[in-house]
Amino acid sequence: AAAGEDMVIKVVTLLDSSFKELKGHDGTVRCLSFDPKGELLASSAEDGYVRMWSLSSGEVVDEVSVMETARGGADVEQAGMYGIGFNNSGTLLAVSAKNHIQLFSRQLEFKFELKDLGHEARVSTLAWSRDDVYLATTDIRGVILVWEVESKQSLARWRHPTATCITSLAWSPLEEAVAYADVLGQIGVWNKPVRDSVKAQLTDEQVKAQETREAEQKAIQDVATLFDDDEDEKPRTLKRVKRRTLIEDSDDEGDGIMTSAVDDFVVRDQDPEMEYAAAAPVYQQEPFQPSSSPLDQPRRFLIWNDVGIISSREEETTSAVDVEFHDTNKHRPIRLVDHFGFTLGAMSEDCFALAAQSHEPDETDTRHHPSVLFCRNINSWASDETWQIFFPLGEEVELVAVGGGETGFVAAATNKRYIRLYSRHGVARHVFCVGGPVVSMSAFEEKLFVVYHDGVGTNENQQLSYMMYDCDARKCLAQATLPLSPQAELRWVGFGETGLPGTVDSEEVLRVLVTAWDNLWTPMAELKALKSEVCSYLPLLSNAVDSLACL
């Protein structure tokens, strides 16, 4: 079965691909759950209703309004997934109702609810354990609870490291573990949530009995390796058929952690040896300042754009930063003594910014300072308006950008995944976070464009995402996955003269985010096919409607 914003549920028969449509909801359908007996289908939607459908007739058997209503496709991070789910016996339906869970019969008759010591935020989704003894639930703040349904008590609690909304839960079919996926596509596993929480409540006798059972199970497993050194006979192994572990906690005497008293074994020829290897980690590129040259050059360009050039120069006795402007009638060149070893630079028509990471004294360099951000206004009524900010120990500036707009801003991205925004005069405006290590950043007028790692990639492909933010309107204009060529790295990000952001990857494909096409990335040029064989260039500097500027 499938459903979505069209408010129609489609139930497909896999044998012949026939389907029927179930209509009745007046809002986006968020969650579906099949009755294990194959008779009913439960659905929840943004109209606030949970409906029970007959699969044979396609009609609504019953309905109940217990959820909050929303219109026009609510944000998952604020509304959750409207989670519902039948237990494995098909006798109960669990429903996420605000910040607690209500349980209904197959006829949608209310039975009881789980709320004591429960969620403080809106419940997103839920999942039953294989034996229906436990129910795992999660909320929009990333808190997972495991409930013992019979006692109506929450036994264990776990919180997402970044408090991100969790959209999916699943119990392992083989062991006691709960897998989860969040709204950013990241997955994780919570191992032994019940056993670890219950063990602390056991008496000394119960703990001793449990340890005895575990020792017996280990001894039984050692039987499998008893004849491993016998070279004359064909090796035989004992494959243990593990039965599920049942943990009970009630007021009856003798209750505690109960495991199956009988272990079954199947004797069979040794299975072919299997070799397992961990998946190779996908390389994640380091952050880079767009439109800059490599660090190992004697004279390094910190930035080269349509306004001018900032370069750093290492000399015998001192270091200096040179700021040159393309329009010499408007601004004169500026030379600054470099006391901090600046490695990052950005500039606009109104100001330029420099940044350096922290430095400890060594044999060749006696500088000692934390990470620093420096800015100088060049269109100010004052002759020399400068400011600088030292960052807390452990926080390093990795990228800088300078924007314009109504008030102008300076942005600094740090290793703590913070984006710090300042006014051109050094007043802190805001700090926000991104979902992973920053990769690159650029600004144009009021817009700030940030690229960051958004999880672990696969098949040697990085997983990058981007965010475009309007610093004047204080609004996120776009946020999604950033496309790259297969197994490529990002080499440049920036804006064209029309204000559209663009990227170039290591395969030299230029892509532009076209807002007129609902923020679709459009390939504009494959630069490998345009340049001559003897030509080479540094990353792209700027792009207009009908031309490219490269170095």
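The nearest pair of heavy atoms linking His331 to Glu349 is NE2-O, 3.9 Å. The nearest pair of heavy atoms linking Ser124 to Gly80 is OG-CA, 3.7 Å. The two residues Val146 and Pro193 have their closest heavy-atom pair at CG2-CB, 4.0 Å. For the pair Leu126 and Gly83, the tightest heavy-atom approach, listed with the atom from each and the gap, is CD2-O, 3.8 Å. The heavy-atom pair separating Ala488 from Glu507 by the smallest distance is CB-CG, 4.1 Å. Contact record, Met7 with Asp26: SD-C, 3.4 Å, taken as the closest heavy-atom pair.
With a 6.0 Å cutoff to the six-membered ring centre and a 45° limit on the axis angle, Arg51 counts as a cation-pi contact of Tyr49.
Between the side chains of Asp454 and Ser465, a donor-acceptor pair is found at a separation under 3.5 Å. Under the 3.5 Å distance criterion, with hydrogens and angles disregarded, a donor-acceptor pair is assigned to the side chains of Ser358 and Glu396. Residues Ser485 and Arg511 have side chains that bring a donor and an acceptor to within less than 3.5 angstrom of each other.
Side chains of Leu302 and Ser292 form no contact here, defined as non-hydrogen atoms less than 4.5 Å apart. Contact of the Leu482 side chain with the Trp521 side chain is registered, since non-hydrogen atoms from C-beta on lie closer than 4.5 Å. Residues Leu399 and Gln289 have side chains in contact (heavy-atom distance under 4.5 Å, counting atoms from C-beta outward). Looking at Lys98 and Val123, their side chains never come closer than 4.5 Å, going by heavy atoms from C-beta outward. With a 4.5 Å cut-off on side-chain heavy atoms, Trp304 and His326 count as touching. Taking 4.5 Å as the limit, every side-chain heavy atom of Phe409 sits out of range of all side-chain heavy atoms of Asp472. A heavy-atom distance below 4.5 Å is not found between the side chains of Asn99 and Glu120. Arg420 places none of its side-chain heavy atoms less than 4.5 Å from the side chain of Val410.
Heavy-atom contacts from other residues, nucleotides or ligands closer than 6.0 Å to CG of Leu520 number more than 12.
Between His160 and Tyr180, the two ring planes are perpendicular [angle over 60°; tilted spans 30° to 60°]. Note on ring orientation: taking the six-membered ring where Trp is involved, the planes of Phe391 and Tyr422 are perpendicular (angle over 60°, cut-offs 30° and 60°). Ring geometry for Phe352 against Phe374 counts as tilted: the plane angle lies between 30° and 60°, on a 0 to 90° scale. Ring-plane geometry between Phe390 and Phe340 is classed as perpendicular, the angle between the planes exceeding 60 degrees on a 0 to 90 degree scale with a lower cut at 30.
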Go through Gln102 and Val64 one step at a time and tell me if the side chain to side chain contact (heavy atoms under 4.5 Å, CB included) criterion holds. CA-CA 11 Å; Gln102 294 186 358; Val64 60; over 6 Å; no
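Between atom OG of residue Ser291 and atom CZ of residue Phe301 there is a gap of 12.0 Å, rounded to the nearest 0.5 Å. Within the model, atoms OG of Ser348 and CG of Asn305 stand 8.5 Å from one another, a figure rounded to the nearest 0.5 Å. Annotation: the span from Leu32 atom CG to Lys10 atom NZ amounts to 13.5 Å, rounded to 0.5 Å. In this structure, Glu460 CD and Gln462 CD are separated by 11.0 Å, a value rounded to the nearest 0.5 Å. In this structure, CZ in Arg159 is found 10.0 Å from CG in Leu145, a value given to the nearest 0.5 Å. Distance check, rounded to the nearest 0.5 Å: NE2 of His369 to CD of Gln357 gives 10.0 Å.
Between Arg424 and Glu385 no salt bridge is recorded (no basic side-chain N to carboxylate O distance below 4.0 Å).
Panel note: side chain Asp338, backbone Ser319; no donor-acceptor pair is recorded below 3.5 Å. Gln284 places a side-chain N or O within donor-acceptor distance of the main-chain N or O of Gly455, the cut-off being under 3.5 Å. A donor-acceptor pair under 3.5 Å links the side-chain atoms of Asn415 to the main chain of Gly394, judged by distance alone. Here the side chain of Trp147 pairs no donor or acceptor atom with the backbone of Thr137 at under 3.5 angstrom. A donor-acceptor pair under 3.5 Å is absent between the side-chain atoms of Lys447 and the main chain of Met468, judged by distance alone. Side chain of Thr138 to main chain of Ile166: no donor-acceptor pair is present (N/O by atom type, distance under 3.5 Å, no hydrogens or angles). Judged purely by atom type and a 3.5 angstrom limit, Arg122 uses its side chain to pair as donor or acceptor with the backbone of Ala79. Side-chain atoms of His430 never come within 3.5 Å of backbone atoms of Ile419 as a donor-acceptor pair (strictly under, hydrogens ignored). With hydrogens and angles disregarded, no donor-acceptor distance shorter than 3.5 Å links the side chain of Ser311 to the backbone of Arg300. Not a single donor-acceptor pair under 3.5 Å links the side chain of Ser44 to the backbone N or O of Val50.
Under the side-chain hydrogen bond (donor to acceptor under 3.5 Å, both in side chains) test applied with Ser43, the options Glu63, His25, Arg30 reduce to a single match, His25.
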